[in-house]
Amino acid sequence: MEETMQQTTESVGCHQMNRTESEGYDGAQTLMRIIGENLVEVQTGTTNLLELILSPENLNRSYRQVIGNDGSGGVDKMGTSELLPYLNLHKDELIEQLQKGKYRPNPVRRVDIPKDNGKARQLGIPTVVDRFIQQAISQVLIPIYEREFNDNSFGFRPNRSAHDALKRVQEYADNGYHYCINLDLERFFDTVNHSKLIEVLSRTIKDGRVISLIHHYLKAGVMVAHKYESTEEGVPQGGPLSPILSNILLNELDKELSRRGHPFVRYADDCLILVKSKRATERVRDSISTYLEKKLFLKVNMEKTIIRDVRGMKYLGYSFY
DNA sequence: GTCTATGCAAC
RNA sequence: CUUGUUGCAUAGAC
């Protein structure tokens, strides 16, 4: 075990780019330190973001996260156990391709899993190497976007739990917001509009190479029973990068709700809008639905979008009473 | 405070 | 070869 970790540090942490571009490498090191220690001062407009993603520290963290997540209880860790040998052989080539914008992600693997309600959830599972790279991207985007995200957004974010979200709903309810609209976005992950997401990303991320890499991940396609299918929309359910991408897009919804003065609580795609009067509920529901469809290109499921008194409302697995 | 390992939950 | 992010709990090592 300890030997494996030692190997890890050497293989993933070893940096061949250091020889050819020591200046860029040192810059990345510095940026890494700034992001880690002081979120406020990092310049998101940097064009050095890719170097930050490919820095040894970030890649090491990414490796350990990907390995650690696999159910390594004992028997089945075949997928991730192959990552270290692969990186030992190909990491220089991999990093070079990523730097030159030549890297092409592999299609995701389609796996259907049954949901509670009997329907199937379609997972899109990237290869271990792509999970590794996506994790590295995610780790750099998280501190950048944590500053931009809304205080009422709770899903997929560090130091924020579903319980925190419920407490926030309770606070609003106690302050006179007795009615709520529970928006249901139809197959949200599968219907994310690539152009819109890239547009929103580009406002903050100024390193075109990173934008391009993420775009390639969105378009990587999917293998369904040994047949390739292109992906024109959606983010893969199962990619390490997908949670933050979903929050980046839905942060636009948060901003719109704030602009209109509507209190809300959002956990991933599960959004609760709170209003004081019953009469306002349908008007708000309809205008926000129009916004989601026209501006964010997301479909609202009107049948499953429920309006009711907060008391008795079921949210994030709990009921209010 | 950092880090391993189980287990549960939300989406 | 059922993936992912996040949170909580328990045990243990510094």
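Naming convention: chains lettered A, B, ... in sequence-line order (proteins, then strands); numbering from 1 in each chain.
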Student: Would you mind reading off the distance between H163(A) atom NE2 and A9(C) atom P, rounded to a whole angstrom?
Tutor: 11 Å

Student: Among U3(C), dC11(B), G4(C), find the nucleotide with the atom closest to the side chain of A268(A).
Tutor: dC11(B)

Student: Rounded to the nearest 0.5 Å, what separates atom CG in N106(A) from atom OH in Y228(A)?
Tutor: 10.5 Å

Student: Counting side-chain heavy atoms from C-beta on, which of dC11(B), U6(C), G7(C) comes nearest to D269(A)?
Tutor: dC11(B)

Student: Can you tell me the Watson-Crick or wobble partner of U3(C), both distances under 3.5 angstrom?
Tutor: none

Student: In terms of side-chain heavy atoms of S161(A), which of U6(C), G4(C), G7(C) is nearest?
Tutor: G7(C)

Student: With a non-hydrogen cut-off below 4.0 angstrom, is N159(A) in contact with a base, only sugar-phosphate, or nothing?
Tutor: sugar-phosphate

Student: Report which part of the nucleic acid I113(A) touches: base, sugar-phosphate, or nothing (heavy-atom distance under 4.0 Å, all strands).
Tutor: base

Student: Name the nucleic acid region contacted by Q135(A), choosing base, sugar-phosphate or nothing; use a 4.0 angstrom heavy-atom cut-off, strictly under.
Tutor: sugar-phosphate

Student: Should R131(A) be listed as having a side-chain N or O under 4.0 Å from OP1 or OP2 of G4(C)?
Tutor: yes

Student: Which one, dA10(B), U3(C), U5(C), comes nearest to the side chain of A162(A)?
Tutor: dA10(B)

Student: When all nucleic acid strands are considered with a 4.0 Å heavy-atom cut-off, which category describes G239(A): base, sugar-phosphate, or nothing?
Tutor: sugar-phosphate

